[in-house]
Every structure is written in structure tokens, then in C-alpha cells.
Novice: 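Provided herewith is a single structure, encoded as C-alpha cells, for subsequent inquiry.
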Amino acid sequence: MARVATLPPQVTNKLKVFQTFSSHPLGIEHISQVQHAWRPIWLVNRAVAEAYGLTPDDFEYILSTFPVFARKRPEFYAYLQERVQEWKHEAEGSEIYAMLAAGPARAAETPQTYSPKALR
């Protein structure tokens with residue numbers, strides 16, 4: 001298995017906790033059918049994204065890479081997109097956001113090729 005970025009325990013221990021529940025008694029097939037769970041799911045996802053240093057643009061891009069999810073769960077997908085837009089508005093004008101958003105663009109322009117062997 002290749003190396004995977006993980007958060008240190010002092011960061012993960014501070015992440016929000018999402019109360020899980022069994023779907024069987026509720027007669028549901030997917031968590032997106034439980035609208036009262038949408039906000040806690042969003043808050044956990046955003047907290048993890050921020051812990052990894054992702055920006056709202058990064059999160060929006062990641063969501064866009066799941067077209068089947070968007071097609072099968074359009075209401076939940078729209079809800080997540082709305083929350084991302086709110087996050088963008090919160091972050092606008094923030095120097096930290098501008099620096100984080102510029103980082104991936106600079107990384108994408110590097111002439112070096114990634115090689116897992118170079119990490120060993």
C-alpha cells in the first residue's frame with residue numbers, strides 16, 4: 001500500500017462526532033433519505049476537509065467527481081453544494097483561503113514527476 005496522508009491524533013480527536021444509527025428500523029436505503037442527518041453529515045465532512053487543509057473549491061471539485069451520487073441523490077447533492085457556496089462566502093477575503101487556494105495550482109505546475117520510489 002502506498003503512503004497515505006493521515007491526520008495526527010490531536011487533530012482527529014477534536015473532530016465532530018456523528019451519531020450513527022441503524023437504517024433497518026427506519027426502512028431506508030441511504031443516509032440521504034434522513035434529512036435531519038444532512039447537517040451533521042455536512043459538518044463532519046467540512047471539519048475533515050478543513051483538517052486536511054482543503055478549501056471550499058477543493059471540496060466542490062471532489063463533489064463534482066461523483067456524478068452517480070449527484071444523479072441518484074440530487075436533493076442531498078444540492079444541499080451539499082449549497083453548504084459549499086456558504087463556506088466560500090465565509091472564506092472570501094480571507095488571506096488563509098487565498099493562500100490555500102493558490103497552493104494546489106502551484107503544485108500542479110511543478111515540472112517534477114511524482115514517484116513513490118523517491119519517498120523511500
Side-chain angles (χ1 to χ4, degrees):
M1 179 175 196
R3 294 180 182 175
V4 178
T6 59
L7 298 169
Q10 64 269 25
V11 174
T12 58
N13 291 339
K14 293 179 183 177
L15 291 175
K16 297 179 184 305
V17 176
F18 177 72
Q19 181 66 40
T20 60
F21 54 88
S22 175
S23 63
H24 182 70
L26 299 175
I28 63 169
E29 294 179 16
H30 192 270
I31 189 67
S32 66
Q33 293 173 279
V34 183
Q35 284 193 343
H36 71 269
W38 291 8
R39 180 165 172 72
I41 291 169
W42 161 248
L43 293 173
V44 167
N45 277 278
R46 178 177 169 174
V48 170
E50 289 177 326
Y52 274 100
L54 300 178
T55 67
D57 291 330
D58 298 327
F59 196 92
E60 183 176 43
Y61 172 76
I62 292 167
L63 276 179
S64 76
T65 65
F66 293 94
V68 174
F69 171 69
R71 188 181 75 246
K72 287 187 171 187
R73 316 284 182 216
E75 296 86 10
F76 186 47
Y77 187 82
Y79 173 84
L80 294 174
Q81 289 287 12
E82 289 170 10
R83 299 298 73 77
V84 170
Q85 295 309 311
E86 288 174 0
W87 183 14
K88 280 185 178 187
H89 291 300
E90 290 173 24
E92 283 179 357
S94 166
E95 287 183 37
I96 293 171
Y97 175 70
M99 289 186 296
L100 287 172
R106 285 194 302 271
E109 295 171 2
T110 185
Q112 296 176 330
T113 304
Y114 170 76
S115 170
K117 291 179 183 177
L119 297 173
R120 295 181 185 161

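Values reported hereafter were calculated over all heavy atoms of this structure, with side chains retained and with hydrogens, waters and symmetry mates removed. Here, residue 1 is the first one in the sequence, and each next residue gets the next number.
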Novice: Would you give the length of the straight line joining atom CG of Leu63 to atom CD of Gln81, rounded to the nearest 0.5 angstrom?
Specialist: 5.5 Å
Novice: Report the distance from atom CH2 of Trp87 to atom OG1 of Thr55, rounding to the nearest 0.5 Å.
Specialist: 6.5 Å
Novice: Report yes if some heavy atom in the side chain of Asp58 is under 4.5 Å from a heavy atom in the side chain of Tyr52; otherwise report no.
Specialist: no
Novice: Nearest 0.5 Å, what's the CZ-CD1 distance between Arg83 and Ile41?
Specialist: 13.0 Å
Novice: Measure across Pro40 and Ala37 and return the closest heavy-atom pair with its distance rounded to 0.1 Å.
Specialist: CD-O, 3.2 Å
Novice: Kindly say whether Tyr79 contributes a backbone atom to a donor-acceptor pair with the side chain of Trp38 at under 3.5 angstrom?
Specialist: no
Novice: Determine which pairs satisfy salt bridge (charged side-chain N to carboxylate O under 4.0 Å, His left out) with at least one residue from residues 63-76, sequence neighbours left out, and list them in order.
Specialist: none
Novice: Considering non-hydrogen atoms only, spot the tightest contact between Ala51 and Val11 and give its length.
Specialist: CB-CG1, 3.8 Å
Novice: Check Val44 against Val17 and note the closest heavy-atom contact, atom names and distance.
Specialist: CG2-C, 4.5 Å
Novice: Any side-chain heavy-atom pair from Asn45 and Leu80 closer than 4.5 angstrom?
Specialist: no
Novice: Check this for me, if you would: do Arg46 and Glu90 make a salt bridge, where the nitrogen-to-carboxylate-oxygen distance has to be below 4.0 angstrom?
Specialist: yes
Novice: To the nearest 0.5 Å, what is the distance between OG1 on Thr20 and CD1 on Ile31?
Specialist: 9.0 Å
Novice: Please check: side-chain N/O of Glu92 versus main-chain N/O of His89, any donor-acceptor pairing under 3.5 Å?
Specialist: no
Novice: Count the heavy atoms belonging to other residues, nucleotides or ligands that lie under 6.0 Å from CD of Glu29, then report whether that count exceeds 12.
Specialist: no
Novice: Do Val48 and Phe18 share a hydrophobic cluster, counting only Ile, Leu, Val, Met, Phe, Trp and Tyr and linking them when any side-chain heavy atoms are less than 4.5 Å apart?
Specialist: yes
Novice: Would you say that more than 12 heavy atoms from the other residues, nucleotides or ligands in this model lie under 6.0 Å from the CZ of Phe66, or not?
Specialist: no
Novice: For Phe59, give me all partners under ring pair (Phe, Tyr, Trp, His ring centres under 6.0 Å), at least two apart in sequence or on another chain.
Specialist: Trp42
Novice: Can you label the angle between the His30 ring and the Phe69 ring as parallel, tilted or perpendicular, going by 30° and 60°?
Specialist: tilted
